[in-house]
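First comes the structure, then the notes that go with it.
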Amino acid sequence: MNEYKLEMARRHYTQGSYEASIRVLKELLADDPNSPTYHGILALNLIAQHRIYAAEYELKIALNQDPSLAFLYTTSARVCLLKNKHNIALEQCDEALALEVDNIEALLLKNTIYKHLNQHEKALSCLNHAARLEPNSCDTLTAYGEHYYDIGNRKLALEYATQALKSDPQDTDANLLMGNIQLSLNNIKEAEYHAKFTILRNPDSQAALALFANIKMHKNIVFGLWWRFNSMISNLSHLKGTMILIGAYLFFNLLARAVRDLGYLQISTAISYSWLAFVIYTWVGIPYYQRKLAKELEKFSFNSDF
Amino acid sequence: MSSYQIIDEPKPSVYHRMVVDPVVILFAALLVPIFFELPFYGRFWMPLAWIVLNGFLLGSPTKTKEALIAVGGCITLGLLHAALIYLAAIDMEMARYAIPYYRIINIGALFFTLYLIVFYQSAPYSIHDYIKEGNRD
């Protein structure tokens, strides 16, 4: 029964139904809190939900229970990567590779980490190692596509992205890569298709929203800037958003007061109205942007030609 | 059937029905002073006290952090007030001139503190809300 439930939890996770997966895992952990596998898969779900603190806690428990499971180290590396602790992430990947020399996930993660550190030769070396083990996996093909796209070789990037999508048409990273490549080749319709597909599968993807905004800019620069601005604002962390809001409040109001004290009443009034416009925009503009995005995505339909 | 508790899930107290969405407290802090004059400088400390209490009733995993932020906010507001009194003692004219600026900075400090606590409390509140909906089903 537990094996069946574990399989169900894994399936929910791969399909993106993280709440359902967590529900099943909580039942499994209530029966058996000493299973590092359950804690590890729970950590993966928590990472997908951006609950990093809880994910770290689950990984700590799992590693205490069994430090010989490679996937726990790769999951830990993902957490470190999200926290921009690249060197610790690399160490975790090396721990995983020490346990399983041919751990594809660790190799691909190292490729990603080296790219973040701008160490492209080391990134390619890890990627080549992964490709020797699984040359036709979607993740490996996508990683090659990203490598060639980054170095400006669009032709090869397109070939790899096409192969990746043949291998798994539903993969979000492959679709995102294809969207970026198509945009760089001025194929707007195809780029828009892949951007929308990625956003529907992963609504929190900043890269997909940025791609969609870039596509809008391509069609109309003014509206495109509006899309770009709103996608940046809606992706701000709460802390940054709060600091910007309070900073704007202090700036506008102190300036309006100082200008008024200097005797420039009209300019002070204009500044006060600017602050009012800013506040109204934060209340109205972002929800309007989200409604526009939802409306654009409503028109999307899956097309196997792409 | 007992369930496993994830570390960032709230552990609501017996009074969990009194828990409100922290954003509601933020709105109340914005709107209530427009219509009512709260006694004993209530405009500044009442929203902070309410949101800290909300965190404890919710069983927020970050309730200690939220309380410390509220205390830090109160200390900041107190220091600003003390600075104004000190300025008044030195130069009354300058203090009168500074009052409108003091009010703006005071409100900025209050809402920065409130927003920070709302930021920490929103995540456990949304989990609490989700679990409540699940139990209702």
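Within every chain, numbering begins at 1; the chains are lettered A, B, ... in the order of the sequence lines, protein sequences first and strands thereafter.
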>> Is there a side chain to side chain contact (heavy atoms under 4.5 Å, CB included) between A/Y249 and B/I107? Walk through the geometry before answering.
In response: CA-CA 9 Å; A/Y249 163 79; B/I107 291 171; 3.3 Å; yes
>> If the contact rule is any heavy atom under 4.5 Å from chain B, which residues of residues 256-282 of chain A qualify, in numerical order?
In response: A/R257, A/A258, A/D261
>> If we ignore hydrogens and angles and just use 3.5 Å, is the side chain of A/Y53 paired with the main-chain N or O of B/I7 as donor and acceptor?
In response: no
>> Is A/L28 in contact with chain B via its backbone, its side chain, both, or neither, using a 4.5 Å heavy-atom distance?
In response: neither
> When rounded to the nearest 0.5 angstrom, what distance separates CZ in B/F119 from OG1 in A/T242?
Replying inline: 7.5 Å
> Do you know which two heavy atoms are closest between A/L250 and B/I105, and how far apart they sit?
Replying inline: CD2-CA, 4.0 Å
> So, for B/F112 and A/I246, which heavy atoms are closest and what is the spacing to 0.1 Å?
Replying inline: N-CD1, 3.7 Å
> Using a heavy-atom distance cut-off of less than 4.5 Å, which residues of residues 38-50 of chain A contact chain B?
Replying inline: A/H39, A/L42, A/L46
>> Tell me every residue that passes salt bridge (charged side-chain N to carboxylate O under 4.0 Å, His left out) with B/D8, counting only those two or more places apart in sequence or in another chain.
In response: A/R51
>> Between A/I61 and chain B, with a heavy-atom cut-off of 4.5 Å, which part of the residue counts as in contact: side chain, backbone, both or neither?
In response: side chain
> Which residues in residues 60-92 of chain B have a heavy atom less than 4.5 Å from any heavy atom of chain A?
Replying inline: none
> In this structure, are over 12 heavy atoms from other groups packed under 6.0 Å from A/M8 atom CE?
Replying inline: yes
>> Working to the nearest 0.5 angstrom, can you tell me the gap between B/R103 CZ and A/N253 CG?
In response: 13.0 Å
